[in-house]
Amino acid sequence: MRAKVWLVGAGPGDPELLTLKAVRALREAQVVMIDDLVNPAVLEHCPAAQVIAVGKRGGCRSTPQAFIQRLMLRHARQGRCVVRLKGGDPCIFGRGGEEALWLQEQGIEVELVNGITAGLAGATQCGIPLTLRGVSRGVTLVTAHTQDDSPLNWVGLAQGGTTLVVYMGVARLEEIRQGLLAAGMAATTPVAMIENASLPSQRECRSQLQRMGTDAAAFALRSPAVLVIGEVAGGVASAVLDPVVAQASA
Ligand code: SAH
């Protein structure tokens, strides 16, 4: 049998948001390499597997990517069923793409399993529909953190007419605020900042583009958090979702 690695999304945190396919992979796993943001509760599905924490907060201080890849390769070549478990979806800011490519180049079979990405889960948990007829015709998932620190295309983001979901943005709120304002986004654009989405510790801070930095500081917003920027993050969405309540309060 050809060596195989499963690259599996563990979802945003709530263990009930794991897919059935992820559970099947975990049940079959002999080695599970687990990332930072994965809720360890999901390991109940692989009680006999060897679990290796490879994330920054997982015990080993920021395991180098090359080391993780070689470790996956070694276990797979020894004939073990390896599951690489990542927070959210493996291919949304999760290096799933590059790991899959590299493993395939080494002759390893790869199977990718979707997970619910944090931005989608966070919005849903807060009752925010990311697309909404007449309000938002699309969603843009974007990271505020780039490898080479190159600037984002603020004009494209501000004027694209889609809801923005920003990952890894907590340390860059001021940069995001300035970039979007300078690119013409309205200062009063609603913003929701959602910390620990889908976990019992979830917190949400509602704000507006112009004051999101000060509101986040007062709220003591911490990573991991996603930002939802756009009209859907304001009252307009609940008015559309619940017209009876909207009429009553009019
Ligand atoms: N692959 C992951 C993203 C990894 S990048 C996914 O699809 O969700 C790490 C970033 O994801 C964090 O900085 C944060 O912006 C976001 N994130 C991950 N888990 C989160 C959670 N439970 N709540 C809010 N944001 C989260």
Side-chain angles (χ1 to χ4, degrees), residues 5-19 21-22 25 32-43 53-58 62-63 65 68-69 83-101 110 112-128 130 139-147 149 152 157 163-177 191-207 212-213 215-216 219-230 233:
V5 173
W6 297 72
L7 295 177
V8 179
D14 178 351
E16 288 196 345
L17 290 177
L18 209 58
T19 66
K21 198 161 187 174
V32 176
M33 293 175 58
I34 181 170
D35 249 0
D36 272 353
L37 290 168
V38 174
N39 184 348
V42 304
L43 297 175
V54 291
K56 287 181 202 132
R57 302 167 221 196
S62 186
T63 315
Q65 181 67 19
I68 297 174
Q69 293 182 185
V83 166
R84 172 92 167 93
L85 195 57
K86 292 167 174 285
D89 186 273
C91 292
I92 301 292
F93 310 124
R95 296 195 174 185
E98 61 197 75
E99 289 181 12
L101 218 68
V110 175
L112 283 157
V113 179
N114 280 122
I116 296 180
T117 189
L120 302 192
T124 302
Q125 298 300 317
C126 295
I128 300 171
L130 290 173
V139 190
T140 303
L141 306 184
V142 64
T143 174
H145 183 87
T146 51
Q147 207 168 21
D149 264 334
L152 290 169
L157 292 171
T163 303
L164 305 182
V165 178
V166 185
Y167 289 66
M168 292 174 263
V170 175
R172 290 172 190 244
L173 292 176
E174 187 49 28
E175 197 180 314
I176 297 164
R177 190 184 77 92
V191 176
M193 297 176 267
I194 308 150
E195 177 184 298
N196 289 328
S198 86
L199 288 161
S201 53
Q202 173 176 307
R203 297 195 306 150
E204 80 184 85
C205 174
R206 299 285 181 134
S207 180
M212 69 182 196
D215 284 352
F219 187 82
L221 183 77
R222 294 218 192 301
S223 182
V226 283
L227 321 177
V228 178
I229 305 174

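Remember, it's a predicted structure, so these values are computed and weren't measured experimentally. When a ligand or atom number is given, it counts from 1 through the structure's own listing order. These numbers come from the heavy atoms of this one structure, side chains and all, not from hydrogens, waters or symmetry mates. The first residue in the sequence is number 1, and the count goes up from there.
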Is there a polar contact, in the sense of an N or O pair closer than 3.5 Å, between L37 and ligand 1? no
Determine, for R84 against D35, whether the closest basic-nitrogen to carboxylate-oxygen distance falls under 4.0 angstrom. yes
What part of I194 sits under 4.0 Å from ligand 1 if we count only heavy atoms: the side chain, the backbone, both or neither? backbone
Salt bridge or not for R203 and E195, using N-O below 4.0 Å? yes
Any nitrogen or oxygen of G169, main chain or side chain, under 3.5 Å from a nitrogen or oxygen of ligand 1? no
Does ligand 1 have an atom that lies less than 4.0 angstrom from a heavy atom of G122? no
Element-labelled atoms of ligand 1 that are located less than 4.0 Å from some non-hydrogen atom of P12: 22 (N)
Sub-4.0 Å atoms of ligand 1 with respect to non-hydrogen atoms of I92: 1 (N), 2 (C), 3 (C), 6 (C), 7 (O)
Counting each atom of ligand 1 from 1 as listed, which ones have a heavy atom of N196 under 4.0 Å away? 22 (N), 23 (N), 24 (C)
Do ligand 1 and I116 have nitrogen or oxygen atoms that lie under 3.5 Å from each other? no
Only heavy atoms of T117, strictly under 4.0 Å: list the atoms of ligand 1 that pass. 6 (C), 7 (O), 8 (O)
Does some non-hydrogen atom of S198 fall short of 4.0 Å from ligand 1? no
Examine ligand 1 and decide if any of its atoms is less than 4.0 Å from a heavy atom belonging to G87. yes
